[in-house]
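Notes to accompany the following structure.
These numbers come from the heavy atoms of this one structure, side chains and all, not from hydrogens, waters or symmetry mates.
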Amino acid sequence: MAHIINEPSHTFNEYLLIPGHSTCECVPANISLRTPLVRFRKGETAALTMNIPMVSAIMQSVSDDKLAVALAIEGGVSFIYCSQSVESEAEMVRRAKSYKAGFVPSDSNLSPEATLADVLAVKSRTGHSTVAVTEDGTPGGRLAGIVTSRDYRLSRMSLDTKVATFMTPFDALICAKDGVTLSEANDILWAHKLNALPIIDDAGRLCSFVFRKDYDNHKRNVNELLDERKRYIVGAGINTRDYAERVPALLEAGADVLCIDSSEGYSDWQKETLRWIRARYGERVRVGAGNVVDAKGFRFLAECGADFVKVGIGGGSICITRETKGIGRGQATALIDVCAERDRYFEETGIYVPVCSDGGIVYDHHITLALAMGADFVMLGRYFARFDESPTAKVNIGGTYYKEYWGEGSARARNWQRYDLGGDRKLSFVEGVDSYVPYAGALRDNVAMTTAKVRSTMCNCGALNIPELQEKAVLTLVSSTSIVEGGAHDVIQKDSITAVK
């Protein structure tokens with residue numbers, strides 16, 4: 001008969017951290033969230049290290065080039081989704097790697113033949129008061145001038161007035177040539193008291209803008225994750241089917257780290273993918289694998305050469321694998337089991353293989369619990385899908401804004417490669433749903449709040465960094481009654497009462 005584990009598997013919500021001794025040194029400003037992304041040998045440091053323990057999920061509704069840049073600015077890594085053509089994914093990687101901090105591509109553009117009404121329409125659509133005027137009205141056209149709110153007065157001008165008659169013409173503009181450094185561009189801004197500096201090429205075509213308001217923002221990006229050429233670190237997903245074509249294209253585009261996107265990682269499909277990569281690129285290409293839920297799965301992928309291992313099956317908010325197929329494990333129990341094996345593997349081999357907890361994160365404090373249980377970082381889907389920078393549409397339902405969010409196992413994603421077991425190239429049944437998540441605003445603001453909570457809890461545990469947290473943390477299982485007790489109870493909250501006049 002089957003081997004049966006009689007102990008129940010647990011989720012993050014069934015655990016609490018016991019506060020430890022906090023010294024005067026334990027203040028949030030002193031807490032480091034740096035964590036290794038890829039394997040390294042004892043006594044060495046990882047080739048890739050993140051400044052916050054957060055990566056974005058390999059999902060159509062989460063990770064594109066825009067989110068990759070936003071997350072790298074905050075110190076994490078985004079894995080651009082692979083359920084698209086090789087060319088499309090490579091182009092997303094290329095755009096993210098070529099993005100220059102502080103140099104903003106123009107998304108508000110008109111031709112000289114446009115009208116004041118067009119200017120107002122662009123301003124309403126983008127929220128930007130600076131409109132580039134190019135000869136053909138495209139973002140990369142020859143720069144003809146600029147329109148700002150100082151160039152027109154609605155009370156004295158007709159809406160059909162041509163842009164050419166009131167724009168600041170090119171001859172009156174101060175511009176910089178493509179290739180200027182951000183520091184040099186900012187010096188020009190300040191020296192000439194400008195709000196915006198156009199960057200043009202030798203032919204006068206518009207390349208980007210540098211804005212005065214972005215100067216302070218750039219100075220605040222103390223955690224931004226950059227490569228040796230000062231480009232943002234970018235990850236990319238691959239699958240176990242077309243890796244021979246996809247991997248070279250992604251590496252050529254500049255991807256810093258890859259990750260196999262699969263619903264279940266304890267398989268020869270992943271072994272063969274890792275073997276192929278190691279045979280052609282050796283150790284210089286960094287690639288994670290997964291997902292697994294026990295010690296055997298971790299050991300298998302570590303010995304296959306995975307640079308990190310993802311843990312979690314069926315715990316995602318849009319995943320229905322457990323109810324569809326009856327496989328998986330409570331995320332907390334799976335993570336504890338795998339991390340114990342990770343430590344044994346390190347003791348035996350001297351090789352540390354980071355563990356990524358993927359799924360099961362509902363509240364911010366679950367991230368701290370995952371780290372305390374041994375995870376080096378967490379992979380998040382729903383969390384990032386809520387933000388401005390995710391690629392999905394923002395919709396208004398009943399006066400409340402939401403963003404679309406769907407699973408890679410849903411009919412909408414049609415990502416058969418992720419769930420492929422060697423059969424027909426189609427999804428015979430779904431393992432994910434199509435849904436909405438509450439819109440939450442900008443990634444920067446939300447990540448700052450989340451990491452503030454993590455740092456605060458680490459202070460309560462007397463830990464100044466993640467390894468210390470894992471060493472000092474004391475976790476306790478809680479009953480269902482204790483979970484109820486942990487929230488607001490036996491009161492009527494004021495915001496739940498509608499005032500009656």
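- With no hydrogens or angles considered, a side-chain donor-acceptor pair links S83 and E408 at under 3.5 Å.
- The minimum heavy-atom distance between A255 and A236, with the atom names listed, is CB-CB, 4.3 Å.
- In this structure, the side chain of K403 does not engage the main chain of V395 through any donor-acceptor pair within 3.5 Å.
- Taking each heavy atom of W276 and R280 in turn, the nearest pair found is NE1-CZ, 2.8 Å.
- Side-chain N/O atoms of T368 and K453 include no donor and acceptor closer than 3.5 Å.
- Here CG of D445 is found 8.5 Å from CD of E74. Values are rounded to the nearest 0.5 Å.
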Item to check | Derivation of the side chain to side chain donor-acceptor pair (under 3.5 Å) call for E224 and Y232 | outcome: CA-CA 8 Å; E224 61 184 359; Y232 289 123; 3.2 Å; yes
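- Judged by distance alone, with hydrogens and angles left aside, the side-chain atoms of R286 form no donor-acceptor pair with the main-chain N or O of A306 at under 3.5 Å.
- A 4.5 Å side-chain heavy-atom check between F377 and L37 finds at least one atom pair inside the cut-off.
- The environment of CD1 in I5 is sparse: at most 12 heavy-atom neighbours from other residues, nucleotides or ligands sit within 6.0 Å.
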Item to check | Evaluation steps, salt bridge (charged side-chain N to carboxylate O under 4.0 Å, His left out), between E341 and R344 | outcome: CA-CA 5 Å; E341 185 66 14; R344 284 190 290 269; 2.7 Å; yes
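- Side-chain contact between M54 and F384 is present, with heavy atoms from C-beta onward closer than 4.5 Å.
- Test R229, K97, R231 against D256 for salt bridge (Lys or Arg N to Asp or Glu O under 4.0 Å) and you get one pass: K97.
- A pairwise comparison of heavy atoms in L250 and I238 identifies CD1-CG2, 3.7 Å as the closest pair.
- The two residues Y81 and S63 make their nearest non-hydrogen contact at CD2-O, 3.1 Å.
- Ion pairing of E272 with R275 is present here, as a side-chain N (NZ or NE/NH1/NH2) and a carboxylate O approach within less than 4.0 Å.
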Checklist entry - Between F300 and D268, does a side chain to side chain contact (heavy atoms under 4.5 Å, CB included) hold up when you go through it step by step? => result CA-CA 10 Å; F300 175 81; D268 280 350; 4.0 Å; yes
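- Between L33 and N51, the closest side-chain pair of non-hydrogen atoms is not below 4.5 Å.
- The aromatic rings of Y439 and Y401 sit perpendicular, their planes meeting at an angle over 60°, well past the 30° parallel limit.
- Under 4.0 Å is where a charged nitrogen must lie from a carboxylate oxygen, and between D337 and R329 at least one such pair does.
- The closest side-chain heavy-atom distance from E348 to R299 is below 4.5 Å.
- Looking only at atom types and distance, the side chain of N291 has a donor-acceptor partner in the side chain of D358 under 3.5 Å away.
- Checked against the 6.0 Å centroid criterion, the rings of Y363 and F12 do not qualify as a close aromatic pair.
- Heavy-atom contacts from other residues, nucleotides or ligands closer than 6.0 Å to NZ of K394 number more than 12.
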Next on the checklist: Could you go through M373 and Y15, starting from their C-alpha distance and side-chain angles, then the distance that decides it, and tell me whether this counts as side chain to side chain contact (heavy atoms under 4.5 Å, CB included)?
Outcome noted: CA-CA 10 Å; M373 291 172 182; Y15 285 91; 3.6 Å; yes
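- Looking at S357 and Q331, their side chains do bring a donor and an acceptor atom within 3.5 Å of each other.
- Scanning both residues, I58 and I80, for their nearest heavy atoms gives CG2-O, 4.0 Å.
- Side-chain contact annotation: R34 with N223, donor-acceptor N/O pair under 3.5 Å absent.
- Between V311 and F298, every side-chain heavy-atom pair lies at or beyond the 4.5 Å cut-off.
- Between I277 atom CD1 and E283 atom CD the span is 11.5 Å, to the nearest 0.5 Å.
- Under a 3.5 Å cut-off, the side chain of E14 and the backbone N or O of T11 do form a donor-acceptor pair.
- One N or O on the side chain of T349 and one on the backbone of Y345 form a donor-acceptor pair closer than 3.5 Å.
- Residue E89 forms a side-chain hydrogen bond (donor to acceptor under 3.5 Å, both in side chains) with just one option from R94, R246, Q84, and that option is R246.
- A donor and an acceptor atom, one from each side chain of S56 and S78, are located under 3.5 Å apart.
- By the 4.0 Å N-to-carboxylate-O rule, E389 lies too far from K66 to be salt-bridged with it.
- Scanning all heavy atoms of the two residues, the minimum distance from L371 to A375 falls at CD2-O, 3.4 Å.
- Taking the six-membered ring where tryptophan is involved, the planes of F346 and Y352 are perpendicular, since the angle between them exceeds 60° and thus also 30°.
- The shortest distance between side-chain heavy atoms of I31 and C459 falls below 4.5 Å.
- Under a 3.5 Å cut-off, the side chain of E252 and the backbone N or O of P248 do not form any donor-acceptor pair.
- A donor-acceptor pair under 3.5 Å is formed between the side chain of D294 and the backbone N or O of G297.
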Item to check | Stepwise side chain to side chain contact (heavy atoms under 4.5 Å, CB included) check, C461 with K472 | outcome: CA-CA 7 Å; C461 295; K472 295 181 177 181; 5.8 Å; no
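- The shortest side-chain heavy-atom distance between V257 and V287 does not fall under the 4.5 Å cut-off.
- Distance alone, capped at 3.5 Å, places no donor-acceptor pair between the T333 side chain and the S9 backbone.
- Checked options K310, R39, R342; the residue passing with D376 is R342 (criterion: salt bridge (Lys or Arg N to Asp or Glu O under 4.0 Å)).
- In this structure, the side chain of T400 does not engage the main chain of N396 through any donor-acceptor pair within 3.5 Å.
- The backbone N or O of I367 sits nowhere less than 3.5 Å from a side-chain atom of D364 that would complete a donor-acceptor pair.
- By the 6.0 Å and 45° rule, R386 stacks over the aromatic ring of Y383.
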Next on the checklist: I'd like to know whether Y405 forms a side chain to side chain contact (heavy atoms under 4.5 Å, CB included) with D434, so could you lay out the CA-CA distance, the side-chain angles of the two residues, the decisive distance to 0.1 Å, and finally the verdict.
Outcome noted: CA-CA 6 Å; Y405 179 48; D434 199 344; over 6 Å; no
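- Between the side chain of N446 and the backbone N or O of A440, at least one donor-acceptor pair lies under 3.5 Å.
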